[in-house]
Amino acid sequence: MNPEFLDGLNDPQKAAVTIENGSALVLAGAGSGKTRVLTTRIAWLLSMGKASSQEILAVTFTNKAAKEMLLRIGLMLPYNLRSMWIGTFHGLCNRMLRHHHEQAALPESFQILDTQDQLSFVKRLMKNLSVDTDKFPPRQVQKFINSAKEEGLRYDSVDDPNGFNRPYIELYEAYDIQCQKEGVVDFGELLLRTLELLQRSESIRKHYQSRFKHILVDEFQDTNSLQYSWLKLLSGRSTGVLAVGDDDQSIYAFRGANVANMQYFEKDFKITKIIRLEQNYRSHGFILDAANSLISRNTSRLGKNLWTDSGMGECIRVFESPEDVFEAAWVVDEVKDFINMETSPSDIAILYRSNAQSRILEHELNKRNIDYRVYGGLRFYDRAEIKHALAYLRLLENQNDDTAFMRIVNFPSRKIGNRSLEQLQDVAKTLDLSLFDAIDNLEGKVSLALSKFKEMIEDIRNEINFSNLPETVDLVIRRSGLEEYYLSEKNGSERLENLKELVTASSGFIAEEKISSSIPSNFGISRRSSKNENIEPNKPVTLVDESEFDKNLNLTPLAKFLVNASLESGESQAGAGKAAVQLMTIHSAKGLEFDVVFVTGLEEGLFPHENSLSEINGVEEERRLMYVAMTRAKKRLFLSSAQARRLHGQVRYHQQSRFLEEIPKECLKKLSMQHDTNLNHASAFNGRKLNVENQTYGLTHNELHSNFSSNEKNSNNLNALKVGQYVRHQRFGDGIVLALQGTGSEASVHIKFEQNDVRCLSLAIAKLEKI
DNA sequence: TACCGAGTATTTTTT
DNA sequence: ATACTCGGTA
């Protein structure tokens, strides 16, 4: 008897859901029902009695994906799913390490360094060791450490054939020692430490291997070598691993993701037949054709071709704007049209390559009173004031946390300057103490301000003995001086609001904890936990019912809250739930779908990003990113670019992205600004009539605007020139315009000539001919 | 010794 | 635009 949720699945989907034994690799194209396959398989396993909820491990990359999975399984089955191990790689490793913290040589309440913390950690370490930060930029060191960990390498196993890495390796060693002293771990350490734990302890390994009968991996193409080894180690003889992925959507190579894992998986897990999901249920024909055609330019692919039976739909609209502000105006104008035509704002997404691009779009949306929601960017827990408050809390929880100490020792200002802190660091280093503990060993008057600080922290610690978590958070905000500080700051009110929000978040956290730990662990149909309990009667590791998992930890609510804050860096932002236009980077759009999608900033240098041009296979990864962007769209897709864009406070000029060339013309409909303005978009440009031929570039913002309203200025040949225009120079030959700058007699133009050199020529002098 | 202002470098994407 | 460093001043 197959449960009804198999109905409506196509054949390959059904095959993936009902694999009986062994492992499988599912090559799931964009929009081919990947999540549905994963969740239906879990529901199928449970309801058919093939596995109990405790025998299933499902791993994703983002908290969002994990939550989505839980939600969808919850819709199919009325069980308590909390006991199931569904989570991110980092979340699950965190869970294991807490559980086996002794064997992993970690304090029970170890805290997690995020990327920012890690960088300041590295800086502090290097200063302590007097390493020249000009020769070895902290960022490089951080990257070195992280990539080593991503490959599963400790400092003593990093390859160093020519001795070039020696200083980095030494720093890596010192870094790990210091982390251990302070009782903190970074993201990579979570995974590496868990892997080593599994490698080292046969009993723990065997325990998990026999426990997890089914492992399901989402976005398998994004796994790095460390995660792959972890999966291999976790799966025992009788474990079936279902890996679902799409090599065309591999967009995280920059952080160590290794698509080759798909090939390794085929071999290591003895996959006889790859299941291909090629029917796309998401996008209309034009969108799919365009995406297929684009991605076919990539050389290394496992190969598949998506098809749909939902009709061709509308052409993709392409809009080239002279300036970023007009691009934004055009996008928002179109958005407004859709909203007027009763498209829900939440079905509309505006995507961009990098977070910095969101600002201008937000501005325009604000101006036109359209609700929107920005994902990513500065997350709640990344805000400075929140990090400050959390640092106080972290120091209270663990006084060895030097990162937290340094962050707040003089914030708000307590007249503790660099000199005092250097002395403190010296003492701490000599006596091998944490900074906090070293305060008592300081001599002379320098120690006064520091002693007072220490006293304050200890006072707070005494006080919070009698308060619950929200009270603690509130108390810290007041007693630390943060409240006072932000009250007196000009822009402090918003920050104060955020701090209040943190108190609210903490009480929400407590409430959630209470609810989930009060649910009895009863899984109805196929509970088979008794079987597990006998696996290793003589071994110290015993299976703990997951609903009891948290109870078995001695973590204070504060410690739990802090872990939660660093692991889920504030996915839930204010304004959720409301119908709002969705703004996000393409990376964070992966896995999502929308009726209407705008991909903005399609410019060479921006997308593909200039940094990618010098990386091996960089452009291919960018192309996959474009593929991901395009395949988010169900019904309508819009692509836009701007010739001039303000970036890092400067105006930069770009040509259109090569990706636009790589889409078949038949799928596209190109719009020009003039065309649009004259039709129905005049409003976006404040009623100004724009004539594309008369535009001038390279002017300052204000000049540009004044020129738009009155186009009589600039009668020189700057008028006729445009970025990307081919020109001929008597002496230098043919070239292409890269940028224009200045006005009047000051006007100059950057041209790249055929001999490959770029020259800056004065327009008043140089005779240029358009070709 | 601390603070303030000027000058300089910096930015892809995320757990 | 923003974060961070450096040097001069209080």
Side-chain angles (χ1 to χ4, degrees), chain A residues 59-66 87-94 112-120 123 127 133-134 137-139 143 146 149-150 185-192 219 222-224 226-227 249-257 351-360 375-379 381-382 384 410 412-423 444-446 448-450 563-571 584-591 601 605-615 618 621-622 624-626 628-629 646-652:
Chain A
V59 59
T60 64
F61 278 86
T62 64
N63 294 306
K64 213 199 287 178
T88 62
F89 279 100
H90 294 87
L92 295 172
C93 286
N94 174 55
I112 301 161
L113 293 178
D114 68 15
T115 315
Q116 271 181 55
D117 296 334
Q118 190 189 29
L119 185 61
S120 48
K123 282 182 184 165
K127 206 170 176 187
T133 47
D134 290 331
R139 258 171 216 286
K143 211 184 150 202
N146 286 340
K149 288 192 181 180
E150 268 152 21
V185 300
D186 58 50
F187 285 133
E189 185 72 24
L190 277 175
L191 301 180
L192 182 51
E219 307 279 14
D222 288 333
T223 49
N224 60 30
L226 188 50
Q227 288 156 338
Q249 293 187 67
S250 157
I251 55 175
Y252 285 111
F254 73 91
R255 65 168 195 214
L351 310 182
Y352 33 81
R353 175 69 234 269
S354 63
N355 279 311
Q357 289 166 250
S358 76
R359 221 192 185 96
I360 189 161
Y375 288 81
L378 193 59
R379 290 190 197 75
Y381 288 112
D382 285 340
N410 197 35
S413 171
R414 298 187 177 87
K415 315 265 182 219
I416 299 168
N418 283 335
R419 192 73 206 97
S420 310
L421 290 174
E422 268 167 33
Q423 285 178 26
K445 57 178 191 272
V446 257
L448 212 84
L450 280 164
V563 170
N564 180 267
S566 38
L567 227 41
E568 303 197 22
S569 42
E571 198 46 52
M584 63 190 87
T585 64
I586 301 166
H587 282 90
S588 40
K590 189 158 78 140
L606 203 65
F607 190 19
H609 195 279
E610 53 200 348
N611 294 2
S612 72
L613 302 180
S614 53
E615 285 158 17
E621 174 141 324
E622 295 286 304
R624 289 193 293 269
L625 197 53
M626 180 66 183
V628 169
R646 278 169 80 96
L647 223 56
H648 321 313
Q650 278 200 322
V651 182
R652 307 233 336 224

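In the text below, chain A, chain B and the rest are named by the order of the sequence lines, each starting its count at 1.
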Asker: Where do A/T60 and A/A65 come nearest, in terms of heavy atoms and distance?
Answerer: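 The pair with the smallest heavy-atom distance is CB-CB, 3.9 Å.
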Asker: Base, sugar-phosphate or nothing for A/I416? Non-hydrogen atoms, less than 4.0 Å.
Answerer: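 It contacts sugar-phosphate atoms only.
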Asker: Is A/F254 stacked on the base of B/dT13, with ring centres under 5.5 Å apart and planes under 30° apart?
Answerer: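 Per 5.5 Å and 30° rule: yes, stacked.
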Asker: Rounded to whole angstroms, how far apart are CD on A/Q116 and C1' on C/dT2?
Answerer: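 Roughly 13 Å, once rounded to whole Å.
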Asker: Looking only at heavy atoms, which two atoms of A/T62 and A/T88 are closest? And how far apart?
Answerer: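 Smallest interatomic distance, heavy atoms only, reads C-CG2, 3.3 Å.
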Asker: On the nucleotide B/dT14, are OP1 or OP2 found under 4.0 Å from the side-chain N or O atoms that A/N355 carries?
Answerer: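 Yes, such a contact exists.
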Asker: Which whole-number value in Å describes the distance from A/L119 CG to C/dT2 P?
Answerer: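 It works out to 19 Å between those atoms.
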Asker: With nearest nucleotides of DNA chain B determined for A/T62 and A/K415 from heavy-atom distances, which residue corresponds to the more 5′ nucleotide?
Answerer: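 Looking at DNA chain B, the more 5' nearest nucleotide goes with A/K415.
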Asker: Would you indicate, yes or no, if B/dT15 has its OP1 or OP2 atom less than 4.0 angstrom from a side-chain nitrogen or oxygen of A/N63?
Answerer: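 For A/N63, the contact criterion (side-chain N or O under 4.0 Å from OP1 or OP2 of B/dT15) is not met.
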Asker: Counting side-chain heavy atoms from C-beta on, which of B/dT15, B/dA2, C/dC4 comes nearest to A/R419?
Answerer: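 Side chain of A/R419 sits closest to B/dA2.
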Asker: Tell me what A/T115 touches on the nucleic acid: a base, only sugar-phosphate, or nothing, going by heavy atoms under 4.0 Å.
Answerer: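 Base, at least one base atom sits under 4.0 Å.
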Asker: Flag the pair A/R414 / A/P412 as yes when at least one side-chain heavy-atom distance between them is below 4.5 Å, and no otherwise.
Answerer: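 Yes. Closest side-chain heavy atoms under 4.5 Å.
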Asker: Assert yes or no for the condition that the ring centre distance of A/H587 to A/F254 is strictly below 6.0 Å.
Answerer: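 Yes, the ring of A/H587 comes within the 6.0 Å limit of the ring of A/F254, centre to centre.
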Asker: Using a 4.0 Å heavy-atom cut-off across all strands, classify A/Y252 as base, sugar-phosphate, or nothing.
Answerer: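 Answer is sugar-phosphate: A/Y252 comes under 4.0 Å of backbone atoms only.
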Asker: Taking only N/O atoms, report every protein-nucleotides 6-11 of chain B pair under 3.5 Å with atom names and distance.
Answerer:
unit_1	atom_1	unit_2	atom_2	d
B/dT11	OP1	A/R139	NE	2.4
B/dT11	OP1	A/R139	NH1	3.1
B/dT11	OP1	A/R139	NH2	2.5
B/dT11	OP2	A/R139	NE	3.4
B/dT11	O4	A/H648	ND1	3.4

Asker: How many Å lie between CG on A/L567 and P on B/dT15, as a whole number?
Answerer: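 To the nearest whole Å, that distance equals 10 Å.
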Asker: Check whether any side-chain N or O of A/S413 sits under 4.0 Å from OP1 or OP2 of B/dA2, and answer yes or no.
Answerer: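 No, A/S413 has no side-chain N/O under 4.0 Å of OP1/OP2 on B/dA2.
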Asker: When you measure from the side chain of A/Q423, which nucleotide among B/dT1, C/dC4, B/dT14 comes out closest?
Answerer: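 Of the candidates, B/dT1 comes closest.
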Asker: Taking atom C1' of B/dT14 as reference, at what distance in whole Å does atom CG of A/L191 sit?
Answerer: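 Spelled out: CG on A/L191 to C1' on B/dT14 is 13 Å.
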Asker: Side chain of A/N410: nearest nucleotide among B/dT13, B/dC3, B/dT1?
Answerer: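 Nearest nucleotide to the side chain: B/dC3.
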Asker: Can you find a pair of side-chain heavy atoms, one from A/R255 and one from A/F187, that are under 4.5 Å apart?
Answerer: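 Side-chain contact under 4.5 Å: no.
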Asker: In whole Å, what is the span from the CG atom of A/L190 to the P atom of B/dT14?
Answerer: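 Roughly 19 Å, once rounded to whole Å.
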Asker: Report the nucleotide, chosen from B/dT14, B/dT1, B/dA2, that has the shortest atom-to-atom distance to any side-chain atom of A/S588.
Answerer: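 Output: B/dT14.
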Asker: Between A/E621 and A/S612, is there a side-chain heavy-atom distance shorter than 4.5 Å?
Answerer: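 A/S612 vs A/E621: side chains apart.
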Asker: Taking the side chain as every heavy atom from C-beta outward, state whether A/K149 and A/D186 have any atom pair closer than 4.5 Å.
Answerer: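 They are in side-chain contact.
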Asker: Within less than 4.0 Å of OP1 or OP2 of B/dT15, is there a side-chain N or O belonging to A/Q227?
Answerer: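 False: A/Q227 side-chain N/O out of range (4.0 Å or more) of B/dT15 OP1/OP2.
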Asker: Measure the distance from CG on A/L226 to P on B/dT15 and round it to the nearest whole Å.
Answerer: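 After rounding, the gap between these two atoms is 17 Å.
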Asker: Please check the phosphate of B/dA2 (OP1 and OP2 only) for any side-chain N or O of A/S420 closer than 4.0 Å.
Answerer: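 For B/dA2, OP1/OP2 do have a side-chain N/O of A/S420 under 4.0 Å.
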Asker: Separation of A/R652 atom CZ from C/dA1 atom P, in whole Å?
Answerer: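 The distance from CZ of A/R652 to P of C/dA1 comes to 16 Å, rounded to the nearest Å.
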Asker: Does A/Y375 have A/K64 sitting over its ring (NZ/CZ under 6.0 Å from centre, angle to axis within 45°)?
Answerer: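 Cation-pi check for A/K64 and A/Y375: passes.
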Asker: Atom CZ of A/R646 and atom P of C/dT2: how far apart are they, to the nearest Å?
Answerer: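 That distance rounds to 12 Å.
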